[in-house]
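Accompanying notes for the structure given below.
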Amino acid sequence: MRAKFDMQLDELNRSLIKMGAMCESAIAAAVKALLERDMSLVKEVDESEREIDQMERDIETLCMKLILQQQPVARDLRVISSALKMITDMERIGDQASDIANIVETCNLDHDKCHDDIAEMASATISMVIESIDAFVKKDTEAVKKVIAADDKVDGLFVKVKSDIINMIAENPDSGEKAVDILMVAKYLERIGDHATNIAEWVEYSLTGVHE
């Protein structure tokens with residue numbers, strides 16, 4: 001019985017890795033679409049979002065099977081319940097990647113001072129998502145701490161983008177609509193960082209039983 005349970009836990013790990021990779025790809029494609037004004041990537045991101053939604057449903061089903069059929073002990077139950085929380089955050093990451101992609105039509109960051117900060121925010125949040133899932137699979141509490149600490153960098157970049165937007169509007173009052181779009185993109189990336197932090201905190205709970 002335990003051998004079957006362990007096999008299903010391995011399947012859960014693989015599914016979480018796959019869903020995390022989908023989130024990574026969706027964020028990367030959404031930001032590339034924005035920075036390079038590549039409209040062909042918008043459809044790709046929307047398709048990725050639908051695949052992420054399906055992965056969430058599939059992993060929920062697997063977790064329910066593990067709970068109902070295998071009667072897990074306390075530590076195993078923490079792992080499964082943490083996975084259920086993690087996929088909720090990953091699904092929201094997919095939504096926000098799609099939201100970023102759908103701003104591409106109206107926002108042009110070519111030669112804009114926010115361009116590099118948005119790119120850096122995207123890189124940081126992608127790393128946070130990857131490392132949070134990796135921490136779950138490897139049961140690595142040090143990686144958890146690294147992800148949580150990285151959120152401060154993303155928050156700092158968000159503050160910098162807001163400052164740049166204020167300056168943009170001061171220099172060109174007609175840039176209000178563009179400024180709002182840039183602010184929304186930065187906010188979506190900041191939220192992705194928050195979701196990655198949530199994932200890391202649930203990883204910590206699965207390992208220690210403590211959730212901050």
Side-chain angles (χ1 to χ4, degrees), residues 19-53 56 86 88-133 145-201:
M19 190 174 180
M22 287 178 178
C23 291
E24 172 199 353
S25 297
I27 301 165
V31 175
K32 183 177 180 181
L34 177 72
L35 298 181
E36 300 181 7
R37 292 191 61 75
D38 187 342
M39 295 302 299
S40 67
L41 290 172
V42 175
K43 183 178 179 182
E44 179 183 319
V45 176
D46 287 339
E47 289 173 356
S48 292
E49 187 213 355
R50 287 191 289 273
E51 291 173 359
I52 289 167
D53 289 347
E56 182 189 28
M86 290 162 62
T88 298
D89 280 296
M90 283 193 276
E91 187 274 334
R92 289 174 182 164
I93 287 171
D95 288 346
Q96 282 150 359
S98 180
D99 289 334
I100 291 170
N102 289 321
I103 289 176
V104 173
E105 260 186 290
T106 58
C107 188
N108 184 357
L109 286 186
D110 287 349
H111 310 298
D112 193 281
K113 64 174 66 177
C114 295
H115 182 288
D116 291 343
D117 289 335
I118 293 293
E120 191 174 356
M121 283 186 79
S123 177
T125 54
I126 288 170
S127 294
M128 288 175 70
V129 172
I130 295 169
E131 289 169 6
S132 62
I133 303 300
K145 294 175 184 175
K146 186 178 177 182
V147 172
I148 293 171
D151 193 43
D152 289 339
K153 176 182 178 180
V154 174
D155 290 344
L157 286 166
F158 179 59
V159 170
K160 189 171 185 300
V161 170
K162 286 196 293 184
S163 177
D164 288 341
I165 287 170
I166 291 169
N167 292 333
M168 179 195 305
I169 295 173
E171 293 169 7
N172 180 9
D174 293 333
S175 64
E177 184 175 353
K178 178 181 179 180
V180 170
D181 285 340
I182 295 171
L183 181 61
M184 289 303 298
V185 170
K187 187 60 182 176
Y188 289 137
L189 289 170
E190 189 261 346
R191 289 299 297 142
I192 289 171
D194 288 344
H195 288 306
T197 300
N198 290 345
I199 293 169
E201 289 173 347

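Residue Val129 comes nearest to Gly20 through the heavy atom pair CG1-O, 4.1 Å, listed as atom of the first residue, atom of the second, then distance. In plain terms, the two heavy atoms of Val147 and Ala200 that are nearest each other are CG1-CB, 3.7 Å. Scanning both residues, Val45 and Ala26, for their nearest heavy atoms gives CG2-O, 3.9 Å. The two residues Val104 and Ala33 make their nearest non-hydrogen contact at CG1-O, 3.5 Å. Nearest approach of Ala97 to Ile192, heavy atoms of both residues: N-CD1, 4.5 Å.
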Review item, side-chain donor-acceptor pairs of residues 118-128, under 3.5 Å, at least two apart:
from   : atom 1 : to     : atom 2 : distance (Å)
Thr125 : OG1    : Met121 : O      : 3.1
Thr125 : OG1    : Ala122 : O      : 2.9
Ser127 : OG     : Ser123 : O      : 3.2

Apply the test side-chain contact (heavy atoms from CB on, under 4.5 Å) to residues Asn172 and Lys178: give CA-CA distance (whole Å), side-chain angles for both, the deciding distance (0.1 Å), then the verdict.
CA-CA 11 Å; Asn172 180 9; Lys178 178 181 179 180; over 6 Å; no
Given side-chain contact (heavy atoms from CB on, under 4.5 Å), test Glu36 with Leu41 step by step and report yes or no.
CA-CA 10 Å; Glu36 300 181 7; Leu41 290 172; 5.8 Å; no
Derivation of the side-chain contact (heavy atoms from CB on, under 4.5 Å) call for Leu189 and Ile27
CA-CA 9 Å; Leu189 289 170; Ile27 301 165; 4.3 Å; yes
Assess whether salt bridge (charged side-chain N to carboxylate O under 4.0 Å, His left out) is satisfied between Arg92 and Asp95, documenting all intermediate values.
CA-CA 5 Å; Arg92 289 174 182 164; Asp95 288 346; over 6 Å; no
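With rounding to the nearest 0.5 Å, the separation of CG in Asp164 from CD1 in Ile169 is 11.5 Å. Note that OH of Tyr188 and CG of Asn102 are 9.0 Å apart. Values are rounded to the nearest 0.5 Å. The NZ atom of Lys153 lies 12.5 Å from the CG atom of Asp155; values are rounded to the nearest 0.5 Å. Going from atom SG of Cys23 over to atom CG of Asp89 covers 9.5 Å, rounded to the nearest 0.5 Å. Atom-to-atom distance recorded for Met22:CE and Glu51:CD is 5.0 Å, nearest 0.5 angstrom. The CD1 atom of Ile165 sits 5.5 Å away from the CD1 atom of Ile182 when rounded to the nearest 0.5 Å.
Residues forming a side-chain hydrogen bond (donor to acceptor under 3.5 Å, both in side chains) with Asp46 (at least two apart in sequence, or on another chain): Ser98. Take Asp117 and apply the side-chain hydrogen bond (donor to acceptor under 3.5 Å, both in side chains) test, not counting sequence neighbours, and it matches Lys160.
Side-chain contact between Asp151 and Asp194 is present, with heavy atoms from C-beta onward closer than 4.5 Å. With contacts defined as side-chain heavy-atom distances shorter than 4.5 Å, the pair Ile133/Met90 qualifies.
Tested against Gln96, the residues Lys187, Glu190, His195, Glu49 include a single side chain to side chain contact (heavy atoms under 4.5 Å, CB included) partner, His195.
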